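Scroll down for the structure; my scribbles are underneath it.
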Amino acid sequence: MRVVFVHGACVRDGAWWWHRTAELLAERGVASVAPALPSCGETGPAAGTGGPGLTEDVAAVRAVLTGSDEPTVVVAHSYGGIVTAEAAAGVGAVRHLLLVSSYLPEVGQCLADFGGDGGPAPFLAVDPDAGTFAVRPELLVDTFLQDCASDVQQQATERLARQGVQVLGQTVGAAAWHDVPSTYLVCTQDRGTPADRQREFAQRAGRVVEIDAGHHPFLSRPAEVRDLVLGLSG
């Protein structure tokens with residue numbers, strides 16, 4: 001089997017965000033890859049108005065998924081669940097979806113549909129002139145990484161990115177979770193997406209698992225995430 005990791009919003013260097021779990025999987029002989037998301041400015045054109053959006057992110061992930069016939073588990077984090085819903089649809093190699101503090105959108109839904117009604121979250125900074133949004137660096141650790149080691153927190157801060165705001169309203173054209181077995185990992189200490197909201201999102205998943213961790217358990221509790229992924233491979 002192989003694992004394809006799909007990272008969340010407003011970050012770059014996708015492979016780094018998964019590296020602690022990926023290294024443990026590699027020790028068990030499981031290869032993994034983390035596609036770059038164009039809307040985060042990872043592949044060339046700057047993120048922002050007129051730049052790449054959800055369509056380009058879907059294409060980038062789908063290219064990786066269709067590039068091998070090896071049985072694949074897709075692990076999607078946060079915004080990555082929006083991308084995966086369309087990217088994994090109809091790909092025969094994909095055997096399971098693991099959504100980590102994420103979303104299982106229906107056809108026609110977008111990222112904004114899963115937010116609150118009070119506008120942008122306080123930890124986000126939106127620049128309407130540039131057409132981008134980002135996580136406020138001063139709020140990153142306390143909101144998303146409070147249970148991670150200090151060196152991980154510092155390295156994560158260095159990997160924040162501005163993302164094209166268009167991804168908030170762009171809708172998905174497919175919903176892979178209808179046809180592919182899915183597991184939702186609720187992160188009970190997540191301060192960005194509270195556990196009660198995650199449990200609402202998880203109702204569409206075939207199975208729900210909970211972990212006592214913040215928004216990035218693959219960084220703070222990598223052995224537990226590895227074991228969960230390995231259990232899905234069977």
Side-chain angles (χ1 to χ4, degrees), residues 4-19 32-67 74-89 91 94 97-116 119-121 123-137 139-140 143-144 156-177 192-193 201 215-216 218:
V4 174
F5 292 115
V6 185
H7 70 71
C10 301
V11 301
R12 59 176 178 81
D13 193 7
W16 178 87
W17 293 86
W18 303 99
H19 76 279
S32 63
V33 62
L37 299 186
S39 72
C40 292
E42 290 188 284
T43 60
T49 303
L54 177 62
T55 299
E56 290 77 13
D57 290 347
V58 168
V61 173
R62 191 171 181 85
V64 172
L65 294 178
T66 57
V74 183
V75 184
H77 180 233
S78 197
Y79 164 72
I82 301 291
V83 179
T84 296
E86 185 167 344
V91 180
V94 176
L97 307 177
L98 173 59
L99 291 304
V100 183
S101 189
S102 188
Y103 317 101
L104 292 89
E106 187 55 90
V107 174
Q109 285 191 300
C110 63
L111 181 59
D113 290 331
F114 295 90
F123 51 77
L124 292 178
V126 179
D127 183 342
D129 293 330
T132 62
F133 70 111
V135 173
R136 298 181 185 276
L139 299 180
L140 173 69
T143 305
F144 297 110
T157 302
E158 297 168 355
R159 289 170 168 82
L160 291 178
R162 300 203 69 86
Q163 186 167 8
V165 72
Q166 60 268 27
V167 303
L168 297 172
Q170 292 174 321
T171 60
V172 301
W177 54 271
T193 306
F201 305 154
H215 192 64
H216 296 83
F218 37 88

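This is a predicted model, so every value here is computed, not measured. What you see below is based on every heavy atom in this structure, not just the backbone, and it leaves out hydrogens, waters and symmetry mates. Throughout, numbering of the chain's residues begins at 1 and tracks the sequence.
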| task | Take C40 and Q163, measure what side-chain contact (heavy atoms from CB on, under 4.5 Å) needs, and give me the verdict at the end. | result | CA-CA 5 Å; C40 292; Q163 186 167 8; 3.6 Å; yes
| request: Take V75 and V6 through the side-chain contact (heavy atoms from CB on, under 4.5 Å) test and state the conclusion after the steps. | output: CA-CA 6 Å; V75 184; V6 185; over 6 Å; no
| task | Any chance you could lay out the side-chain contact (heavy atoms from CB on, under 4.5 Å) test for Y103 and D113, step after step, and finish with the verdict? | result | CA-CA 10 Å; Y103 317 101; D113 290 331; over 6 Å; no
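For the pair A85 and P105, the tightest heavy-atom approach, listed with the atom from each and the gap, is CB-CG, 3.5 Å. Residues A76 and T84 share a closest heavy-atom pair of CB-OG1, 3.4 Å. Taking all atoms of both residues into account, the shortest heavy-atom contact from P35 to V64 is CG-CG2, 3.8 Å.
Using a 30° and 60° split on the angle between ring planes, F218 and H77 fall in the perpendicular class, above 60°. Taking the six-membered ring for Trp and thresholds of 30 and 60 degrees, H215 and F144 have ring planes inclined between 30 and 60 degrees apart.
For W177, there are no ring pair (Phe, Tyr, Trp, His ring centres under 6.0 Å) partners, not counting sequence neighbours.
In this structure, E42 contributes its side chain and G14 its backbone to a donor-acceptor pair below 3.5 Å. W18 contributes no side-chain N or O that, together with a main-chain N or O of V33, makes up a donor-acceptor pair within less than 3.5 Å. Between the side chain of E106 and the backbone N or O of V172 there is no donor-acceptor pair closer than 3.5 Å. A donor-acceptor distance shorter than 3.5 angstrom exists from the side chain of S102 to the backbone of G81, with no hydrogens or angles considered.
Between V165 and T132 the shortest side-chain heavy-atom distance does not fall below 4.5 Å.
Contacts classified as side chain to side chain donor-acceptor pair (under 3.5 Å) and involving residues 50-67 (residues at least two apart or in different chains) are given here: S39-D57, D57-Y79.
Here the straight-line distance linking atom CD of E158 with atom CG of D13 works out to 10.5 Å at 0.5 Å rounding.
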